[in-house]
Each structure stands twice: as structure tokens, then as C-alpha cells.
Amino acid sequence: MDGIPKFQILKDFSGEQVFLNIIGYLDAHTAPDLEIALKESMEKGKYNIVVDFEKLDYISSAGFGVFMEFIEEIRQKNGDIKLIAMNSKIRHLFNILGFDVLFEIYNDKNQLLGNN
Amino acid sequence: MLNAKEIISFFKQEINNLYFLIGVFLAKIICDFLLISIWGNVGFEENLFWKLITTILVVFFGYLYINQKIQLKIFTFNADFDNTFVSNLKTLSMIYLISLILIFIIDEFKSYIEKAHSPFLPLLQIFGWYYIIVSYYSVSLLFNWINSKKNKRTIAYFNYFKITLIVTVVYIFIAQLINFYFDISFLSDLCSVLYILLVILLGIWSYILPYNKKDWFSLFHRYDLKNLKLYLTSFVVLSLILFFSWVGESSTITYSMDLVYPEMGKLTLLPILAMTFYGLRILLIMPKKSKAQQDIQQKVDSISTLTAFNKFILEENMLNRSHLLEYFMQSLRSAVNVDFAWVEDYEAKEDNRYKIFYNVNNSFLEQFNLIPNIKNIVNSIENVTIIASIRDIWAQIPKNVFRGSIAMIPIFERKHRVGTIFLGRKQAYSFATEEQQIMNTFAKNYEVALVNSILLQEALEKRRYQFEIQLAKGIQKKIIPQELPKIKNFSVAGISIPANELGGDYYDLIHLKNGEPTLLIADVSGKGVSAALYMSQLKGIIASISSNIETPTQLLENLNSILYKHTERQIFITLSAITIANEKGLLKYVRAGHSPLIVKSQGIILEKAPKGIALGVANSKIFSNNLEEIEIQLCKGDLVFAYTDGLDELKNKDNNEYGTGNIYKIISGTQVTKAQDLIDETLNSVKSYMNGVRQFDDLTILTLLYNGDE
């Protein structure tokens, strides 16, 4: 872990959909970073957000909490948070918590674009 | 053309004054000699006029030169009166001794010239000039000494002294003229009486002048008292002898000076007299104690003040800054005697920075702020710094602001400057090195004592916090049942181990409206105090609604709608409810996002994970639409194992998760006679798996064994 940040977000605000690529460990300590990124997107008036889970290794309850915090406001503005490319373990957690019914989850970008 | 500035700067140079002095002096002596030897005796008036002009000139240049010399000597010598005092005393004693020895030479010289009827008699005035210089040197030193050690009381007497001196000087000149023009013996006698009275008055003033012992304290403190007494005694004795040799009609000293200017001898006598009484008084006010004794006394005093201050800091729980600074200033004041003091508190608002005045008023502070650059000086100091109204010191106080000295003591808290304490004395030279050391020690002590007390305060607060956490822990223990009530045909057991003092996990056994026992296990998102608070809230909600609830589904729906309304969106609770529907082993099971139930049914291990969203994040409609209730029929010996994610997500030192696999192993491999066996076995397994690594999340297990219907 030395020198490598515990958590990183790659942000892409260029398109109509915002892409947030979250990498590493999303827990109580790193959750505020994701909060800031989501707020930033909302401040730019972009409510269609895609969060890429491909390189996310771990998510804690505080990490889940961030998505819960903003989803209602975003949906009120006719936007949505879509989640893509989760590893099986995180996908399993979503299923257990029942959050899979609250979010649209896609296997990868292609599936997401095909659906749109 | 020379302008005024150039002339002044010309006379400011010592060497120029010396040339003029020598020039005028030689001219005077030569002319005196010529007047007598070539033109014979000149009329008294012409002689007086000549002598007056030349004397004034010699005195003027002599004054400029000697004054510059003395001033430099007094002020630049370590810029410290206490150091210069003894050396000046020694010099003066030496000069007086030479004066006494000279008497014999003058006597011999005079009687030789008189016998030989030589015209060289005016040359005797060379000795007269020496005595004039001695007298002038004495009066200059006296004035400087008085200035350095003056206080309110001596300022008044100093003025009386100066007035008497001027009156005497003017009187001598007038008496001279009266004597010349009206040779009335009655008036002459009256004049002598007046002169004696003035001399006595001067003596009294000089004796009173060094009155205040406190002003001399630092001097007495610094030197070996024995030596100082010896110098002073020999000085007083010498000046007394000189005084009595000077006075009297037949005195050769007076004679030699009268050649310079008539009655000059009477005039120059006055400073010698003043010095004698001044020195005598200092000798008499000297303390009896030795320096060593005083040193010890002062140290004891300052240490006890310091101890009292430290005690005060520790007892002052509020740690009110300005209160502390005030007490600190008062402590310092009793350790170092001062005339006035005040405190500047930087934590206070801009207009309220100066506080706690001792003999200081606002107009004084306004004056103080007139000192050039004073704000920057005060801000930049890191140690005790002295400023005074003398030259050659780091920051001089202009004399029009005030005369005296101020010690500035910067106060720091954890390297952060919080204030300045100002201690002042009315004398320019007054803070001895030892006193500065005491102030420095006090200032350092303040910093250390304050940091200590802050640390102590924090330690106490931490202890109080720990105590409160322990209280909360005790309360939480009561929320989670220590032992679950017995249920017919079933054996139940549960345990909850928080990662920190307080946990967010919960398990319980409640009874629904129809009396069906229902096991609950829950996990509040997050950890620590906030999770513990939500957990007790959950317990409260369950306790208040359970008696009106008929099915576990209904329980979860109600809980969700309440939590959805009343908790923050990012907080959610996962919960499983297992209702024992009858005594024949039928269970009803609902799950709100919680870890699946593990069931060992007739030797086969199954995971039961009906649909369900965690509590508090979805509205009632979505929640209900996604909630599934299932039934589980148990047979005799079947096991149910419920847990929170703190168990399967336990990580050992290799960062590997404990996982559900290990749980399966325990369930399949353990001989179970009661539900507690399964918990004990799990805890043993966890302990060996973790091997000392700290538990990261709260961990809760709930087990159920069906004993069969008997």
C-alpha cells in the first residue's frame, strides 16, 4: 500500500453522462472523496452519473451510504446513478443488502450503452 | 560662511573643544603673568573683567570637553550604572587623594615664590584649575548618580539642591561686589552667615538625596558588600579631609583658586561638600546582610512565588487566559520589585489588549506607544528585553516620553506568542542581570506549567470520556440480553462483541402480539458511538411497536417506514427476524439486507436468503414489494445460525477473510447439545484464526437448536 493511495477517483465530466471511475478501498475514511465527486457533478448540473466499479476492491457500509445519500435528489432532477462492472464479491454484497433493486447495475459499459 | 549647524557639529567634537580649552587656558595664564610682571598691578575692576571673560571661556570649553568625557564614560561603560558606580567612586577617591597631596606642593611653592618676590605667583592658579576640574567632575558625577537613582521623592530634593546651588553661586558673585564697593563690616558678616546657611542647606539636600534604599538595592545586591563599604568609607573619609583642607581663610587650595577668580574657592567647595554627604548617606543606608544571604533570600522568594503560581495554574480549571496572565504578573511583581507594570494580551480584542494596570494609566500607555517602532520591537522579542531612557541601549526610550526602564517579558504558549508583561522602574539603570534571569525563568516556567496543565486537563477529559463510555457500555449491555429467555423445544443463544467500547450490533428475543417468540439480529451501518446510538433507537422502536405486530414481515415494514422517515439517508440497518411459529419447529423468516441465515437441516447446510432491502433506505412501497417471507421447517437436532458481517469479514494478519466456509465447517463439525455450544466453538475458531489480530467490526452471533417436540 506504500505510496499507492488507498482510494482514487478518475472523473470524466466531458460527455453528457458523467463517468466516475472508483479505485481501491471505499470505506468510512475515503467515502468523503466520493461525496465530493458526486457533489461536484451535481453542481455542474450533470445528474446522469455512471460509477465504474471495475477497480474497486472493497466497499464498506459507509461507502454504500454515499450512494444512498444522493440517489433521491438526483432522481428528482431526472438523473440517475448507474453502476457498472462490479466484481462478483461487491455484486454479492449489493444483492445481500437488497440494493440491487434500488440501482441499475450493468456488467460493463457495452451493456450500459446497449441498454440506453 | 559657517552656518549654525556646522558650528554645533564642530563643538560636538571632543578634540576641537580640547584645543580651544588649551588655547584659552594658555592665553589666560600668559596674560595673567604679563599683567602682573609688565604692567604691574592692574585695577581690581579691569582685573575682574579680564578674569571673568577668560574664566567663562575656559569653563565653557572645559564644560563641553569634560561633559562629553564623563557622559561617555558613565553611559557607555556596559550601559549599567551599577558597574560604573564603583569605578567612578574609585576614580574620584584617587583624584581627591591627589588633591590632598598637592596641598603640600602648593604650600612649598607658595612660600618659595613669596620669599623670592617672584612675579610667578599667578602660576599657582594652575593648581587652582586642577581643583576646579575636581570640583566640576564631582558635581557632574553627583548629578548623574542622582539621575540614575532618582525617584519621585528625590526629584523634589534634587530641584531644591539645584536651586540652592544656583543661589549660592549667584550670591558669591554679588557678595564679592558688595564687599568691594561698600566695605561695610556688618554686611560682610551677614554675607558670611548667609553663605554658611546655604552651605548647610546644600549639605542637608545632598544627605536626603539618596534616601530611598530600594533604588540602591540592585547595586547593593550586585557587589560584595564588604568591598563596597570599604570604597565608600575611604571615599567619605577622603572627601571629609579634603573638605576641611579646602575650607578656611588660610587654605592654600582656596588661595590657588582665588587667583583664577576671586572667591572661586568658596564656589568649588560646594560639590565636595555635597559628595561627602551623599556618600555618607549611601554608606548609612547600606543593608547589613551579606550578598550571599540576600541572594539566597531572593531565590527562596522567587521559588516560592513560582511554586504558588504553578499551583494556581493547576487549580485553575477554566484556564482563563487573562486571569492567568494577571496572576502571573502579580507573581512576577512580588519576585521583582517594580514601580509600575501592565499586561498586553494578544488573545483579547484589538481595543482591549492592555489590561491589569499597576500604577499605569491610559495616557501613559499612549505615551509608551510613541516610542519609535515600539510595536515591532515588542512583537519581535523572544527573551526578556530591557528598554530604558539611556543611550547605547538596544531600544532607547526618548526622554520626552518618560525616564526610566521597562523590562518586557514575552509570554508563549506552545511556541505561540500570547502576551507581553511589562515591568517598569523609574530609574534608567535598574534591572540587574540576576533579575533578568529571574524574569526569564518565570517566563519559561509559565510556558511549561501551562502546557502541563493543558495536558493534565486533556488527560482528565479523556478519563472522563472513558468513564462515560464505560457507563454507555453498561447501558448497552442491558439493551442486549445477557441470557435469552427459554423457549419450549428450542435452545437459543446469542453473543455480541463490539470492535470498540460501543457497538452497532443488536440481537434480542421479542414476542409478537400473538405471543410468538421472535429472534432478531441487526447491524447498524458504521461503527462506534453513532452506530450505538442508532442501535438503542432501534431497540426503543422495536420495544414500542412489537406488541401490536402480528407477523415478522409487518415488523420489518413498520421498522422501515419509521427509520426511512427519521434517519439520515446514508445510515441503514440490516436486520433478520426469525419467528418461532409453533412448538413443532416451524420458523418464519424475513431478512432486510442482512447476512443470510445458515441452516443445518438433517445434516445438510443451506443458506437462506429471501429477498429484502436494508432498513431505512427505500420507501414503504419499494421495501414491501421487495420483501419476501419464507417458512423453514426444522427437524429435531436442526441448527440455525445467524450472524452479522463482522464474523465472515474478519481478517487475519494475511488479510484473508474468515468467510462463510469456516462457519459451515463449524456447523457441520460440532456436536451440539445446546445452542451455546455452537457459539463457544465459533469463538474458539475465530480466536485461533485471528491469532491476536484486532477485531475490526462488531461481531454478533445468534444460534438456535431445535430439540424436537416431546
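When reading the values below, keep in mind they use all heavy atoms of this one structure, side chains included, and skip hydrogens, waters and symmetry mates. As the structure is a prediction and not an experimental result, all values here were calculated from the model. Proteins come first, then strands; the chains are lettered A, B, ... in the order of their sequence lines, and each starts at number 1.
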Report which part of [X] has an atom under 4.5 Å of a heavy atom belonging to chain B: side chain, backbone, both, or neither.
| X | value |
| --- | --- |
| A:N95 | backbone |
| A:I96 | both |
| A:I71 | neither |

Legend entry - Residues of residues 643-652 of chain B within contact distance of chain A, non-hydrogen under 4.5 Å: B:E649, B:K651
Inset, instruction - Give me the contact list for residues 620-632 of chain B versus chain A, heavy atoms only, anything under 4.5 Å, ordered by residue number. - result: B:I622, B:N626
Legend entry - Closest heavy-atom pair and its distance - B:F572, A:S61: CE2-O, 3.5 Å
Inset, instruction - Compare every heavy atom of B:Q570 with every heavy atom of A:M68, then report the nearest pair and how far apart it is. - result: CB-CA, 4.3 Å
Report, one line per pair, each donor and acceptor closer than 3.5 Å where one atom sits in a side chain of residues 84-92 of chain A; sequence neighbours left out.
from: A:N87; atom 1: OD1; to: A:K89; atom 2: N; distance (Å): 3.1
from: A:N87; atom 1: OD1; to: A:I90; atom 2: N; distance (Å): 2.8
from: A:N87; atom 1: ND2; to: A:L56; atom 2: O; distance (Å): 3.3
from: A:K89; atom 1: NZ; to: B:E657; atom 2: OE2; distance (Å): 3.2

Inset, instruction - May I ask you to list the residues in residues 42-51 of chain A that approach chain B closer than 4.5 angstrom, counting heavy atoms only, ordered by number? - result: none
Legend entry - Residue, of B:I571, B:V617, B:T574, B:D697, that accumulates the most heavy atom pairs under 4.5 Å with chain A: B:V617
Inset, instruction - With rounding to the nearest 0.5 Å, note down the distance linking CG in A:L97 to CZ in B:R591. - result: 8.0 Å
